[in-house]
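Heavy-atom basis, side chains included; hydrogens, waters and symmetry copies ignored. In what follows, chains carry the letters A, B, and so on, assigned in the order in which the sequence lines appear, proteins first and then strands, with residues in each chain numbered from 1.
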Amino acid sequence: MDEHPQKQEAMQAGAALDTPLLRISSLTKRFGGYVAIDQLSLDIHAGEFFALLGPSGCGKTTLLRMIAGFETPDSGEMLFNGENIASALPHQRPFNMMFQNYALFPHLTVEGNIAFGLKRLGMQKADIKDVVAQMLALVQLDGLGKRRPDQLSGGQRQRVALARSLALRPKILLLDEPMAALDKKLRESTQRELLELQRKLNMTFIIVTHDQDEAMTVADRIGVMDHGRLEQVAPPRQLYEAPRSRWIAEFVGDVNVFDGKVTGEENGRVTLETRDAGVIAALKPPSVDESKMLCVAIRPEKIKISQYGPVNDLGGNAAFNRLPGVVADIGYLGNATIYSVRLDTGAVLRANVSNATRLDTDSYHVGQRVVAWFVPADCMVLEQ
Amino acid sequence: MASHSVSRLSPFNVVSLALGLAFLYLPIAILMIYSFNASRLVNVWGGWSTRWYVELMNDQAMLAAAWMSLRVAAVSATAATILGTLAALALSRGERFRGRTLFSGMLYAPLVMPEVITGLSLLLLFVAVQTERGFWTVTIAHTTLTMCFVAVVVQSRLGAIDRSLEEAAMDLGCPPARAFLYVTLPIILPAVIAGWLLAFTLSLDDLVIASFTTGPGSSTLPIRIYSEVRLGVKPQINAICTLIVAAIAVVIVAASLIAKMSSVRGESAAPL
C-alpha cells in the first residue's frame with residue numbers, strides 16, 4: 001500500500017511548513033443570477049479529513065464539483081501545491097471523486113470498474129490486475145470481481161465506488177454524500193471504516209454531507225456552509241462548543257436560544273436580561289459587540305434538572321443560573337430523556353438528561369415543579 | 001410468482017391472443033404459402049412448387065431493384081444513425097440552450113409529417129439544385145426520413161443514463177470525447193443498433209418518398225413491386241415478398257440475440 005513513504009513524509013513536512021495542499025481563494029460561481037459560491041476561501045492541508053457541512057442548496061456540492069473540475073469558477077483561484085488549477089479539466093487533476101449515486105459503469109464488471117482509470121493510464125495488464133486485487137482486498141470485496149454492479153447490494157456498490165476512486169491513488173479523494181443511500185447501522189460502520197482507511201492510506205479526504213453526525217464522526221475539520229459562504233471552519237468540538245454565530249449554534253446540534261441584552265458585568269462575567277427567560281449569567285464573550293441585541297445559547301445536555309436546584313453558590317453571586325418552571329413535556333429516548341420545562345418567565349427550555357442508571361431516580365412527571373440550572377461557562381453569548 | 005401467473009392464461013386471454021396474432025400474421029402467412037403455389041393463377045392452389053423462386057432469380061430487373069434497395073437502406077440507415085445519435089446527444093446532453101424545445105419539436109415533426117409532403121419537398125429541392133436523381137437522392141431522402149426515428153430511440157436511452165457516469169469517466173482520466181467512447185457509447189449501443197435496424201427496415205419499406213426522389217433506371221424494390229402489381233399480381237411477387245419477410249425476421253432475431261449477449265457479457269462490450 002505504501003509505495004512512496006518518503007513522498008508522503010515530504011508532503012507532511014510541506015504541511016508543517018504551512019503550505020496548504022489545496023488553497024482556494026475568493027472563489028465565485030454563479031448560475032445565471034444565482035450566486036452558488038460567494039467569494040469563498042479555504043485551505044486544505046495534506047493528510048486531513050475535511051468535511052463540508054450545510055443545508056441543501058448551500059453550495060457544498062458545487063464547491064466539491066469545482067474542486068473535481070466539473071464546474072469552472074467565474075472568478076477566484078484554486079491552487080494545488082501552488083499551481084493554479086481553476087480551469088483544468090477533470091482528467092487533468094490528481095483528484096478522484098466518489099459520487100453520491102456511486103456512478104458505477106453498468107456495462108463493466110466490478111473489476112472493470114476499478115480498472116477503468118488504470119487502463120486510461122496505460123498501465124500493464126499484470127499491474128492492473130495486481131492493483132485491482134489490492135483494492136478489492138482493501139474494501140473487503142474479494143471474490144466479487146466478476147460481478148456486475150446490478151448484482152451487488154447497496155453496501156457492496158458503495159465499496160466498489162470507493163475502491164474505484166482510490167485505485168488511482170488521488171492526491172485528494174472527494175466524497176459527495178457517500179453514505180446517503182445506506183441505512184443507519186451500515187452508515188455508522190462505514191464511517192468508521194472510511195476513517196480507518198484514511199488514516200491507513202494517509203490520504204487527504206474532502207467529504208460533502210448534510211448529516212452533522214457523519215461530519216463530526218469522520219472529520220478533523222468541518223467547514224459549515226450557507227448561501228455559498230463558509231460560516232465557520234473549525235474542528236468538531238470547537239464548532240459545537242464555540243459556534244461563531246447563532247445560525248451555526250442552531251444548525252449544529254440542538255440548542256436553547258434566548259434573546260437578550262447585556263445589563264451588567266463583573267469578575268469576567270456578564271449578565272443578560274433576556275426577553276422571556278429572566279436574567280442569565282454567562283462568561284464574558286471575547287469578541288461580541290455588547291451594545292447590540294444578543295442571544296444566549298445553552299446546549300440541552302448542559303442543563304440539569306432537580307426539584308430544588310443547587311444548594312449553595314460557592315463562587316459568588318452568579319455561580320449558577322437557576323430557572324424555575326414546570327415540566328411541560330417528556331420525550332424518552334432510551335439513553336436520555338428530553339424534558340421540556342415551561343419557565344415561570346414564559347420561555348420553554350429543553351434539557352437533555354442522561355439516563356445513567358436503570359433506576360428512575362432522576363425522573364420527573366409532567367406538571368411537576370422543577371428548577372433547571374446550568375453554569376455560566378456553559379452559556380454561549382452570540383450575535384444575532 | 002410471476003412465472004406462475006404467466007403460465008396460466010384464462011380462455012379469454014387465449015382467444016384474444018389468437019385473434020390478435022391471426023389479424024397480424026394471417027395475410028402474411030397466406031402470401032408465403034401462395035409463393036410456393038405451382039399454379040400461375042394467384043387465387044387457385046395448384047400444389048407445392050418452388051418454380052417462382054427460380055423464375056425470380058432470372059428476373060434481372062427485380063434483382064437489380066432489390067440490390068438498389070439494400071444499398072439505399074444500408075447507406076441511409078448508417079447516415080441516419082450517425083446524424084440521429086448526434087442530434088439526440090445535442091438535445092439531451094447539451095446545456096439548456098435557447099430554443100431547445102423548438103429544436104426538439106422540429107426534430108420530431110417529420111415523424112408525423114405526411115410522406116407525400118416530405119417526398120414532394122425533397123423533389124423540389126433536388127430539382128432546384130439540379131441534381132441528377134437516382135441512388136444518392138433516394139439515399140438522402142431516406143436519411144432525412146429515418147434520422148428522427150433514430151433520434152427518438154437513442155434519446156430515450158440517453159435520458160435513462162445518469163449524467164454522472166460520464167463525469168466519473170472524466171474524473172478517472174478520460175478527456176470528454178473518450179468518456180463518450182468508453183462509457184456512453186457502450187451503454188447506448190443497443191439503442192443505436194435498434195435505431196439502425198429501424199432505419200434500415202423503414203428505408204427498405206418506403207414507396208412514397210422513393211418514388212418522388214428516384215430517377216429513371218434506378219427503381220427500388222417497392223417501386224418495382226408496385227409497378228408490376230399494377231399490371232396484375234404475378235406469383236414471383238409472392239416469392240420476393242416471402243424472401244423480404246424472411247430476411248427481416250433473421251435481422252430481428254439476430255438483433256435481439258446481440259442485445260442479449262451484450263447484456264450477459266458486460267465487460268467485453270466495451271473497447272479495452
* Could you walk me through whether A/His91 and B/Arg178 pass the side-chain contact (heavy atoms from CB on, under 4.5 Å) check? -> CA-CA 11 Å; A/His91 69 275; B/Arg178 276 203 217 162; over 6 Å; no

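- Heavy-atom neighbours of A/Tyr34 OH from other residues, nucleotides or ligands within 6.0 Å: above the threshold of 12.
- Within a 6.0 Å radius of CZ in A/Arg30, other residues, nucleotides and ligands contribute 12 heavy atoms or fewer.
- Only the side chain of B/Asp162 comes within contact range of chain A, with at least one heavy atom under 4.5 Å from a heavy atom of that chain.
- For A/Arg93, no part sits under 4.5 Å from any heavy atom of chain B, backbone or side chain.
- Contact annotation: the side chain of B/Leu172 approaches that of A/Arg164 to within less than 4.5 Å [non-hydrogen atoms, C-beta and beyond].
- In this structure, the portions of A/Phe105 lying under 4.5 Å from any heavy atom of chain B include both its backbone and its side chain.
- Of residues 48-57 of chain A, not one residue has a non-hydrogen atom less than 4.5 Å from any non-hydrogen atom of chain B.
- When heavy atoms are compared at a cutoff of 4.5 Å, A/Leu118 does not approach chain B at all.
- Heavy-atom contacts from other residues, nucleotides or ligands closer than 6.0 Å to CZ of A/Phe31 number more than 12.
- For A/Tyr102, no part lies under 4.5 angstrom from a heavy atom of chain B.
- Of the two parts of B/Ala169, the backbone and the side chain both hold a non-hydrogen atom closer than 4.5 Å to a non-hydrogen atom of chain A.
- Of the listed residues A/Gln92, A/Met97, A/Lys146, A/Met98, the one with more heavy-atom pairs under 4.5 angstrom with chain B than any other is A/Met97.
- Looking at A/His107, its side chain does come within 3.5 Å of a backbone N or O of B/Tyr182 through a donor-acceptor pair.
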Would you be so kind as to tabulate the donor-acceptor pairs closer than 3.5 Å made by side chains of residues 142-152 of chain B, with sequence neighbours excluded?
| residue | atom | partner | partner atom | Å |
| --- | --- | --- | --- | --- |
| B/His142 | ND1 | B/Ser203 | OG | 2.8 |
| B/His142 | NE2 | B/Asp206 | OD2 | 2.8 |
| B/Thr143 | OG1 | B/Thr139 | O | 2.7 |
| B/Thr144 | OG1 | B/Ala141 | O | 2.6 |
| B/Thr146 | OG1 | B/His142 | O | 2.8 |

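- Looking only at side-chain heavy atoms (C-beta outward), B/Ile187 and A/Pro106 come within less than 4.5 Å of each other.
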